[in-house]
Amino acid sequence: SSTGPGAIELRVSVGRDDDVASQLGDVCGLEHLILGLEGAPSMDHALHVVALLDRVAGLETMRARLGTSQYITILNQVCLHHMKHEAIVGHVVSIFGKLCTAEDVVIIEMAANVPYTLKWALQTHATKTLWEGCVMTASRLVAGRNAARTGYVCEQVAPELVAAFRATL
């Protein structure tokens with residue numbers, strides 16, 4: 001069972017230890033986990049997978065594996081499909097922010113229209129945690145000297161960021 005004592009103990013270990021998270025990603029096969037998200041999986045399944053991916057996305061060894069066009073597109077689709085579920089949305093937004101530390105991944109996230117997803121997430125869930133994740137992701141998307149990209153991200157996200165910030169005060 002995904003909620004039994006062993007599963008809970010495993011999630012606690014993954015939350016504390018980068019080596020455990022990395023090994024689990026290798027054992028589970030991140031590629032299989034992500035591909036298993038295609039086709040609108042159940043909310044519980046999606047939540048467990050994106051929570052694990054969120055944990056490992058911050059590891060340098062995993063960013064290159066996760067930052068592909070196929071995987072970012074799948075994660076974006078999962079986020080849009082499960083937009084009413086704040087935990088899933090929060091994990092996916094966090095993953096996007098952790099992954100877009102390199103220009104090639106920023107280009108992929110822009111092609112997947114992540115700014116639109118951030119906008120919709122902020123319109124749906126005006127929470128402090130989600131706001132912070134959207135700020136991190138948007139700020140990384142506008143890094144660099146691409147005026148068109150900066151303009152588009154700001155157009156999509158700025159009004160929602162301001163409204164969500166006011167809502168969290």
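Only this structure's heavy atoms are used, side chains among them; waters, hydrogens and symmetry mates stay out. In this chain, numbering begins with 1 at the start of the sequence shown.
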Q. What's the shortest heavy-atom distance between A121 and L130, and which atoms?
A. O-CD2, 3.4 Å
(Q) For the backbone of S94 and the side chain of D54, can you confirm whether one donor and one acceptor N or O come within less than 3.5 Å of each other? (A) no
Which pairs would a plain distance check flag for residues 133-147, meaning a side-chain donor or acceptor within less than 3.5 Å of a matching protein atom at least two apart in sequence or in another chain?
unit_1: T137; atom_1: OG1; unit_2: V93; atom_2: O; d: 3.1
unit_1: T137; atom_1: OG1; unit_2: G97; atom_2: N; d: 3.2
unit_1: T137; atom_1: OG1; unit_2: G133; atom_2: O; d: 3.0
unit_1: S139; atom_1: OG; unit_2: V135; atom_2: O; d: 3.1
unit_1: S139; atom_1: OG; unit_2: M136; atom_2: O; d: 2.9
unit_1: R140; atom_1: NH1; unit_2: G97; atom_2: O; d: 2.5
unit_1: N146; atom_1: OD1; unit_2: A148; atom_2: N; d: 3.2
unit_1: N146; atom_1: OD1; unit_2: R149; atom_2: N; d: 2.9

Q: Measure the SG-CD1 distance between C79 and I74 for me, rounded to the nearest 0.5 Å.
A: 14.0 Å
Q. Between H82 and L47, is any pair of side-chain heavy atoms under 4.5 Å apart?
A. no
Q) Of all heavy-atom pairs between V105 and G67, which one has the smallest distance, and what is that distance? A) CG2-O, 3.8 Å
(Q) Once rounded to the nearest 0.5 Å, what's the spacing between atom CG of L161 and atom NZ of K119? (A) 11.5 Å
Q. Does any non-hydrogen side-chain atom of H45 lie less than 4.5 Å from one of S42?
A. yes
**Q.** Distance (rounded to the nearest 0.5 Å) between H125 NE2 and I88 CD1
**A.** 9.5 Å
**Q.** Q156 side chain reached by L118 side chain, heavy atoms, under 4.5 Å
**A.** no
Q: Decide whether L37 and M43 are clustered together by the hydrophobic rule: side chain heavy atoms of Ile, Leu, Val, Met, Phe, Trp, Tyr closer than 4.5 Å, transitively.
A: yes
Q | Single-linkage hydrophobic cluster I107~F96, side-chain heavy atoms < 4.5 angstrom | A | no
(Q) So, taking the atom named CG in L99 and the one named CG in L66, what distance separates them when rounded to the nearest 0.5 Å? (A) 5.5 Å
Q. Any chance the side chains of Y152 and N113 put a donor and an acceptor closer than 3.5 Å?
A. yes
Q.
One pair to check against side chain to side chain contact (heavy atoms under 4.5 Å, CB included): E38 and V78. What are the steps and the verdict?
A. CA-CA 8 Å; E38 284 187 299; V78 166; over 6 Å; no
Q) What is the minimum heavy-atom distance between R63 and K98, and which atoms define it? A) CD-O, 3.0 Å
Q: Can you measure from CG (L122) to OG1 (T127) and round to the nearest 0.5 angstrom?
A: 8.5 Å
Q. At what distance, to the nearest 0.5 angstrom, does CD1 of I95 lie from CG of L53?
A. 5.0 Å
Q: Could you tell me which non-hydrogen atom of A167 sits nearest to which non-hydrogen atom of A126, and how far apart they are?
A: CB-CB, 4.0 Å
Q: Indicate yes or no: at least one non-hydrogen side-chain atom of T124 is less than 4.5 angstrom from one of V89.
A: no
